[in-house]
Structures are given as C-alpha cells and as structure tokens.
Amino acid sequence: MSTFTKPSMQKSSRDDAEQLNRAFKGLGCDAAVVVNILALRNASQRDSIQQEYETLFSDDLKKQLAHELHGHLKKAVLLWMKSPIERDATTLRQALTGPIIDVKAATEIICTRTSSQIRQIKQVYTPTFGTRLEYDIGCHTSDDHKKLLLAFIAITRYDGPEIDSVLVEDDAKAINKIGVKKSGMDESTFIQIFTERSSAHLIALASVYHKMFGKELRKTIKREASGNFKYALLTILQYAVDPTKHYATVLRRATKGLGTDDSTLIRILVTRAEIDLQKIEEEFLKKYKRPLPEVVHSETSGHYRAFLLSLLGSTY
C-alpha cells in the first residue's frame, strides 16, 4: 500500500519539464515548484520528465537538480529521481565509503533485499563506481559481521512460501546448542542459517524455536551476539517476520531523542513511498501512538519538510 498520490489534474511531461526549467532561472531555485511537481509524479512520469527535459534543453535534469538544490532536500529529491536499484547502489556506496561511514545503513539495505535485488545491485554497482560491492564491504566491515554480509550477497536464497519442517527443527536445535555451550557462540551456525534460509523458513524457525525450547529467537540473538553482527541478524529476522514493523522501528530510531537521522528518514520514506509506506505509517501509529506525518513535520522544516510530507500523502 503506497502513500503516493497522483495529482488531481495530470500535467504533461513536457509542461513539467518546462516549469522545472523556469524554476531554475534567475537568482536561486524556486524549490516549491520542484517539490510540487516531482513529489507528485510516479516513477514512470519522473522518467518521462527527465527524457523531455533532455530533449527540450539538452541538459540532464538530475545534474541540474544537483546544482540547484541544497542540503537534505537535494539528497531526498536526487534519491527520488533514481530507480530502486540505483537508489540502493548509491546509498550503499555512500554508506560504505562516504565522509561518514554508516555501517548500519549498509547492513539494513543488504539484509532486507532479495537475492534477485542484490544481484541487480551488484550489476549496477561495479560499472557505476568502478569497484565491486564485495570489495567495499570487505574494506569497511570486520569479523563476523563482514562474513555475514559477504555470504548474504553471494548466496541465492529461495524466496517462496514452502518450507522444510525437518530442516527448521534441525536449525532450531543447532541454535539451542549454541546457547548452552560454555565455550561461547558459534557464529558460523548463525551465519549459515541466516544467509541461506528463506524468509518463510526464518519465520517458521522463530515459532518452532519458541515451542521447542520456550525461548524467543530474537532474545537469544541479543544475548549471544553483539555489535554490528547482532544488528545484521536481528535485521534479517525482523524483516522476515514483519517488514512494516521493521521499517516503523527504524523510523522511530531516526526521529527519537535529540537530533534527527535525516539520512535514514530520507532513505526509508523515499524507497518505500511507492511500495508500502501507508502500511508502515499505520504500524508506526499503532506502535508509537503518534502519526508519522506529525513526527516528520516536527523533525524537519521548509521545502524539505514539504517534500517528505508529500511522499507521505499528507498536507499536515
């Protein structure tokens, strides 16, 4: 369920391109025009606008937006103008090699993507950035966290609903053995299970583990693992069990306390706006008793605020 709302009167891509070009003229950019057009156009329409802009003005719209916009609005709009795979590839590159390394952002993207999506990301990553995703992960992560991420992007997982109940029980027993060992955690078992098994398998595993041993798999991970490795395992599990709850939790962390994690806020709202942002919004309200648009309004300002609220389908 998308929050994306089409404009009441559909404008032509040519008209949109001409309005954007006028918004770039003179001193400064009329950011309100940019927001009012681009935030209300779906992916196909945005592609058409970019094609029309190049035809009419012999210029790259994304480059012009990068030149004219600034700050968080610039980051949000440029991400919105990319395809989903390009967004992931760009965000991963920035998270792993940018001025501020954001290992959690890279982990969150990798551990919530299907094998097919990861394969497409890798196909875009190398020609765009001149290096392999595996190399950047290897350089900027470490230990078991690095092993898990590299295994996750290397293995092709089954994404269907069928499960092998015997294998589920075997995995539950293997994880329980880890918890009773005195020598510490067997990370390789967790890595194998969490990188090779389907989402349906992991959902069944959490249920069977609880029935067999009276323990929550999530709590066992929290007890046995640590650091970024623990974060990766929990992300894989939580996303498998309930994607909307996962994203609601991530948004809550991004907007809680002093300061706002704008990079995370932008990433989630932009990447989920045309997929399931309405469900995420409903889960956020249910879990945290505050409307997500109200939170976004209180944490942002100006045209940046207007853009994000448009993605939420809100005029708060």
Side-chain angles (χ1 to χ4, degrees), residues 3-4 13 16-43 45-54 56-102 105-106 108-109 124-125 128-129 250-251 254-255 259-274 277 292-293 295-314 316:
T3 55
F4 180 78
S13 296
D16 285 342
E18 289 174 342
Q19 284 193 61
L20 287 168
N21 184 252
R22 287 195 293 271
F24 299 148
K25 300 297 184 182
L27 294 175
C29 170
D30 189 341
V33 172
V34 174
V35 170
N36 290 336
I37 292 174
L38 296 181
L40 295 177
R41 301 297 183 266
N42 64 28
Q45 292 165 341
R46 296 194 301 274
D47 287 343
S48 295
I49 293 169
Q50 292 186 80
Q51 292 169 14
E52 286 287 352
Y53 194 91
E54 185 171 359
L56 290 171
F57 308 109
S58 300
D59 200 359
D60 186 317
L61 177 57
K62 281 186 276 196
K63 287 184 179 179
Q64 193 65 32
L65 289 167
H67 176 72
E68 297 289 345
L69 301 178
H70 304 282
H72 298 315
L73 176 62
K74 173 180 175 179
K75 185 171 184 177
V77 171
L78 290 179
L79 199 63
W80 181 239
M81 297 301 291
K82 296 180 183 293
S83 71
I85 297 301
E86 289 173 333
R87 288 173 193 157
D88 284 347
T90 300
T91 306
L92 281 169
R93 176 67 173 176
Q94 292 172 345
L96 292 169
T97 67
I100 301 175
I101 303 298
D102 190 347
E108 196 263 333
I109 292 171
V124 168
Y125 199 93
T128 302
F129 305 114
V250 173
L251 285 169
T255 56
T260 304
D261 182 352
D262 288 285
S263 292
T264 298
L265 183 61
I266 290 167
R267 184 178 76 253
I268 303 304
L269 296 189
V270 168
T271 59
R272 309 311 296 186
E274 294 178 285
L277 191 51
L292 184 55
V295 173
V296 170
H297 186 275
S298 68
E299 297 291 325
T300 59
S301 62
H303 297 300
Y304 168 52
R305 169 197 284 165
F307 185 80
L308 294 187
L309 289 176
S310 293
L311 297 187
L312 282 161
S314 172
Y316 187 91

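The two atoms that bring Ala76 and Ile266 nearest to each other are CA-CG2, 3.6 Å, heavy atoms only. A pairwise comparison of heavy atoms in Trp80 and Ala273 identifies CZ3-CB, 3.9 Å as the closest pair. Closest approach of Val34 to Leu20, counting heavy atoms only: CA-CD2, 3.9 Å. Closest non-hydrogen pair, Phe307 versus Leu73, comes out as CB-CD1, 3.9 Å. Heavy-atom minimum distance, Ala105 versus Arg267: CB-NH1, 3.6 Å. Annotation for Asp262 and His72: closest pair OD2-NE2, 3.3 Å, computed over non-hydrogen atoms.
Arg87 contributes a side-chain N or O that, together with a main-chain N or O of Lys82, makes up a donor-acceptor pair within less than 3.5 Å. Within the 3.5 Å criterion, the main-chain N or O of Asn42 finds a donor-acceptor partner in the side chain of Gln45. Without hydrogens or angle criteria, Arg46 side chain to Arg41 main chain gives a donor-acceptor distance under 3.5 Å. In this structure a side-chain-to-backbone donor-acceptor pair under 3.5 Å is missing from Arg305 to Val296. A donor-acceptor pair under 3.5 Å is absent between the side-chain atoms of Gln64 and the main chain of Phe24, judged by distance alone.
Note that the NE2 atom of His70 and the NE2 atom of His303 stand 11.5 Å from one another [nearest 0.5 Å]. For the atom pair CD of Glu54 and CG of Asp60, the computed distance is 6.5 Å after rounding to the nearest 0.5 Å. Once rounded to the nearest 0.5 Å, the distance linking CG of Leu65 with SG of Cys29 reads 7.5 Å. Rounded to the nearest 0.5 angstrom, Thr90 OG1 and Leu79 CG are separated by 7.5 Å. From Ile100, atom CD1 reaches atom CD of Gln94 across 11.5 Å, with rounding to the nearest 0.5 Å. Distance check: Leu312 CG to Leu269 CG gives 5.0 Å after rounding to the nearest 0.5 Å.
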Run Val77 and Met81 through side chain to side chain contact (heavy atoms under 4.5 Å, CB included) and show every step you take. CA-CA 6 Å; Val77 171; Met81 297 301 291; 4.3 Å; yes
Under the criterion side chain to side chain contact (heavy atoms under 4.5 Å, CB included), I'd like the reasoning laid out for Thr300 against Leu265: C-alpha separation, chi angles, the key distance, then a yes or no. CA-CA 10 Å; Thr300 59; Leu265 183 61; 4.0 Å; yes
Run the side chain to side chain contact (heavy atoms under 4.5 Å, CB included) check on Asp102 and Glu108 step by step: do they pass? CA-CA 10 Å; Asp102 190 347; Glu108 196 263 333; over 6 Å; no
For side chain to side chain contact (heavy atoms under 4.5 Å, CB included), just list the numbers for Ile49 and Leu38, CA-CA rounded to whole Å, side-chain angles, deciding distance to a tenth of an Å, and then say yes or no. CA-CA 9 Å; Ile49 293 169; Leu38 296 181; 4.3 Å; yes
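No hydrogens or angles considered: a donor-acceptor pair under 3.5 Å links the side chains of Tyr53 and Asn21. Between the side chains of Glu52 and Ser13, no donor-acceptor pair of N or O atoms lies under 3.5 Å.
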